[in-house]
A.B. asks: 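Please find one structure pasted underneath; my questions will follow.
A note on names: the letters A, B, ... follow the listed sequences, proteins ahead of strands, and every chain is numbered from 1. On a predicted model such as this, the values are computed, not experimentally measured, just so you know.
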Amino acid sequence: IATFLGRKLQPRPQNEVEETLKRIQGQKGVQGIIIVNAEGIPIKTTLDNSSTVQYAGLIHQLVMKARSTVRDIDPQNDLTFLRVRSKKNEIMIAPDKDYFLIVIQNPSD
Amino acid sequence: MFEGLLLHHEIIRQRFESETRVINHVEGGWPKDVNPQEMEQTVRFRKKVEKDKHYFSTMMQLGSNMEHSIKQNNAINIYQEYFEGEEEEVVEESKPSMFLNPNKIKHTATSLSWHPDGSRKLAVAYSSLEFLKVFKDISYNSDIWNIENRNKPEMTLKPVSPLVCLEYKPPKTLTSWSEIATMARSVAAYWDTRKEHSHRDPVYKVIWLQSKTGTDTFSASKDGQVLGWDIRKMSEPTERLVLDPNKKCNPDNALGVISLEFETTMTTTFMVGTEQGLLVSCNQKAKSPPEKIVCTYSGPTGPVYALQKNPFFLKNLTVADWKAHIWSEDIMWTNLQVCDEALYSQKVQDNGCFLACGHQGGRGRGERRGGRGRGERRGRGRGRGERRGGRGRGERRGGRRGGRGEAEEEERRGGRGERRGGRGERRGGRGRASAEEGEGERRGGPRRARERRGGRGRAPRRASAEEGEESAEQGAEGRGRGSAEEGEGEERRGGRGERRGGRGRGERRGGRGRGERRGASNAHLKKRSGRNKVLKGLSEQNKRFQNSFDINTFFTNPVSFSH
């Protein structure tokens, strides 16, 4: 019974986040999702570990740079979204103060 | 000691070496208590993070953002390759080339003429239209330029007195060309021995006659005479026509001739545009002088500076005075006011589609006459007239004065046959060369001859610049120029003689179809300054030959002044 109770008490927000991520993952062309925290630690990922770590590290630096650029130009401004389009795919980064959401998509024509 | 030590420290700088290194990020910044190698610890850490409330709210927000972008990407690919397979068009900017006159004192280029065989040579005549001024170092040279080489003229002509008008003769033979140069002060001066026969006023325009011998020319001047010459026998004009509206040969009533144009098909008839605004149609072959003047049209309201027969519709011609008129031979059927300022030159492009006008402000305009099937196109061109010597010089009439010196017209980009917008190059070195005029001169800067390279392609208009200055004061008038300078308004100065009338030569060079070059007449509109004394009493009504010189008494002797 204790375990049963334990399961029921699973917080609801958790579900919603999962659902959101599942939805994103289900979109056409999405290759992978990574959630990284401010220190660069990947919290959640759908890719393999080595890619995840690579993305996390590199993108973190990129976002920092982009954000500082935007703020240098106008201190009242802030970075809301970053898209890196390459030949093969597009890396979309939604930054926040504490976390980044990274999605790699291959927009198919 | 301490100070010494301190000093020592200051002088000897510490070296601080720095190096740039890149971090190879292998693992994120795990907290100290978590060992990244251990799976269990990392998983636990992650789960902990996931339970954070902040994490939840952030993720929801980021998630929705992200979803939006993803859907965007899927909806439309904004980065597609749009212009596959297209070649980049090279847009050539046509810059006006400037041929700098190497002389020290810059003269206005009073006439330009393209080499008839289609080569890229250009002959430029430099002169100073202030006839009465004497320059010490004035150079009489005129140059022939090859437009490939902008630094130095290819050949320099050194005539006796400055050339005012220069024309290439359409070759009758295959090889050679010749040119005839008419001197400015010249005609009177140069042939002073033949004073009886030559022009008394500076010759404004010389055109070649298409005759069998290929050696006939006509010259027209402000004294109202149109003289025909045979170049083999320059001592006397072969024929003479005095333009007198009353059909009498009274030289006192003759009208100053500014432009001259032949009808291309009939070599015996030509049109003469006068200072007073009359167009006179003359028949060359008429036996006696009074009969030569066949009829006169008195449409244009101002002095006719340029005249050109439409090469395609033979009965029509365009006339430039203060407006551009398009006339047909019998009636004036269109009157288009092209611009507000006086027009000095006109040119119709070879295919009849474009009409370019240059006027005193150094502006060129091209227009197309629409709708009539004429297809002349009018575009707007903008020439740049430089005012040399500033504004202060002389008067400028309402800003009309084109600058001396450069008047670049931009070639107009025509619709067809691209005419580059309004920019005509001024070739011939006039570029900067404007003669320094003395004060009080008014320099008008109408664009002078504008040459148009015909043909469909580019048709740059080259205007010869310069304006002749008219020194009003100088009594350039003195010479029979009926410049009515007096008073306000414009006076058209005949300028001393150089007025390059529109060159009526329909030369078609080679296959280029250069088209005719229209000389912009130079008459500047000058505003007479208060002390306009010159003018020999010639009012616009042209009493040409009065030697009433201005009070300046610079020139009392007509002959001598020309030198």
A.B. asks: Determine the option with the most heavy-atom pairs under 4.5 angstrom with chain A, choosing from B:Q72, B:K47, B:Q61.
C.D. replies: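 Ranked by contacts with chain A, first place is B:Q72.
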A.B. asks: Heavy-atom distances under 4.5 Å only: say whether B:T58 touches chain A with side chain, backbone, both or neither.
C.D. replies: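 B:T58 touches chain A through side-chain heavy atoms alone.
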A.B. asks: When heavy-atom pairs shorter than 4.5 Å are enumerated against chain A, which of B:S64, B:S57, B:G63 gives the highest number?
C.D. replies: B:G63
A.B. asks: Of all the residues in residues 92-100 of chain A, which have a heavy atom that comes within less than 4.5 Å of a heavy atom in chain B?
C.D. replies: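 Heavy-atom contacts from residues 92-100 of chain A to chain B are A:M92, A:I93, A:A94, A:P95, A:D96, A:D98, A:Y99, A:F100.
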A.B. asks: If you measure from CD on A:Q27 to CD on B:E67, what distance do you get to the nearest 0.5 Å?
C.D. replies: 5.5 Å
A.B. asks: Verify side-chain contact (heavy atoms from CB on, under 4.5 Å) between B:H68 and A:F81, making sure each step is shown before the conclusion.
C.D. replies: CA-CA 11 Å; B:H68 177 73; A:F81 203 83; over 6 Å; no
A.B. asks: CG of B:D52 to CG of A:N37: how many Å apart, nearest 0.5 Å?
C.D. replies: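 Between atom CG of B:D52 and atom CG of A:N37 there are 10.5 Å.
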A.B. asks: Side chain, backbone, both or neither: which part of A:V30 has a non-hydrogen atom closer than 4.5 Å to chain B?
C.D. replies: side chain
A.B. asks: Which atoms of A:T80 are under 4.5 Å from chain B, going by heavy atoms: the side chain, the backbone, both sets, or neither?
C.D. replies: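 Just its backbone gets close to chain B.
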A.B. asks: Would you name the heavy atoms of B:R46 and A:I43 that are closest together and state the gap between them?
C.D. replies: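 Shortest heavy-atom contact: CD-O, 3.2 Å.
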A.B. asks: Of all the heavy-atom pairs spanning A:Q105 and B:N73, show the shortest one and how long it is.
C.D. replies: OE1-ND2, 2.8 Å
A.B. asks: Once rounded to the nearest 0.5 Å, what's the spacing between atom CE of B:M59 and atom CD1 of A:I35?
C.D. replies: 4.5 Å
